[in-house]
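Structure record follows, encoded as structure tokens.
Just the heavy atoms: all of them, side chains too, but no hydrogens, waters or symmetry mates, feed the values below.
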Amino acid sequence: MEIGAGTGLVSVSTLKPYVLFHAFCLLVPAEQERSDQTVARQKWVPNVICRINKDIYHYVGQDIVIYESIDSFGAMMWPAALALCSFLDNNRDTVDLRGKEVLELGAGTGLVAIVASLLGAAVTATDLPEILGNLQANLMRNTRGLCRHTPQVAPLSWGYDLESTYPSSVYRYDYVLAADVVYHHDFLDELLVTMKYFCKPGTTLIWANKVRFESDLVFTENFKKAFHTSLLVEEGEMKIFMAMSREEDEGDRNRLSRPTDCRLKA
């Protein structure tokens, strides 16, 4: 489950590298495009075919067609989602999602939820109500007939009325996933409250983030105080954390020990 990646305002300077990547794919000649992408692409960026209104990603042996919406930042593709998808696809022994109950916070376009579903998880993808239409369409388009568990879509506002909308006696998850939910917005405290609410004993939280602002570093420190954490992957400003509730006993916390073979791309 991924929380509300569409509730904040990101500066134009922050958006520029990624947004220009999409525009660049559409405007420059093919030879120049291939040359520049070869130089600029990080390890975690997958092969992607750019179209005017859609991108095609390849994970779990499937071409995944993602439509974005220009109406909201939360309905656009962001780098940490790509990093988390690569991590899940390439580290199936470390994070075995088969038959697991998974909640994504701030699911956005739905790519992470799609990959988790293709890997065998029963996924609930959440975001703000205005994001859910495009999210639902992307999920159904890419998972119908391919997954044992049909992914579900549900609204979730960070920190708001959680016990009445998602009572802990009913909603328990094996994994909580979040990608690029930390950026320049005013709901970081509510995000952390929501992470803590869903990350009960027995739940593993995996959070992928690309550091952009000083507030990202402050949130990371608060995150480490709130959970038992392990840094799974670090490539430049891209980081993927695994976390567990501080209520876990010592035996359960042993699964936080950092694996030596975690990778973003084969």
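Heavy atoms only, all atoms of each residue included: Ala81 and Met77 are closest at CB-SD, 4.1 Å. Across all their heavy atoms, Glu234 and Leu231 have their closest contact at OE1-CD2, 3.3 Å.
Under the 6.0 Å distance and 45° angle rule, Lys225 does not count as a cation-pi partner of Phe227.
Using a 3.5 Å distance cut-off with no hydrogens or angles, the side chains of Asp161 and Ser164 do pair a donor with an acceptor. One side chain, Glu163 or Tyr197, offers a donor N or O that lies under 3.5 Å from an acceptor on the other.
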Next on the checklist: For Thr150 and Leu139: C-alpha separation, side-chain torsions, deciding distance, then whether side-chain contact (heavy atoms from CB on, under 4.5 Å) applies.
Outcome noted: CA-CA 9 Å; Thr150 301; Leu139 284 173; over 6 Å; no

Checklist entry - side-chain contact (heavy atoms from CB on, under 4.5 Å) between Tyr166 and Thr126: does it pass, once the steps are laid out? => result CA-CA 12 Å; Tyr166 292 86; Thr126 66; 3.9 Å; yes

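In this structure, CD in Glu235 is found 8.5 Å from CD1 in Ile240, a value given to the nearest 0.5 Å. Note that the OG atom of Ser215 and the CG atom of Leu188 stand 6.0 Å from one another [nearest 0.5 Å]. Atom OH of Tyr175 and atom CD1 of Ile206 lie 6.0 Å apart (nearest 0.5 Å).
Under the ring pair (Phe, Tyr, Trp, His ring centres under 6.0 Å) test applied with Phe219, the options Trp207, Phe213, Phe241 reduce to a single match, Trp207.
Salt bridge status for Arg98 with Asp174: absent, with no side-chain N to carboxylate O gap under 4.0 Å. Salt-bridge annotation for Lys210 and Glu237: absent, with no side-chain N of the basic residue lying under 4.0 Å from a carboxylate O of the acidic one.
Other residues, nucleotides and ligands contribute only 12 or fewer heavy atoms inside 6.0 Å of the NZ atom of Lys196. Counted within 6.0 Å of CZ on Arg92, heavy atoms from surrounding residues, nucleotides or ligands total more than 12; the atom is thus considered enclosed.
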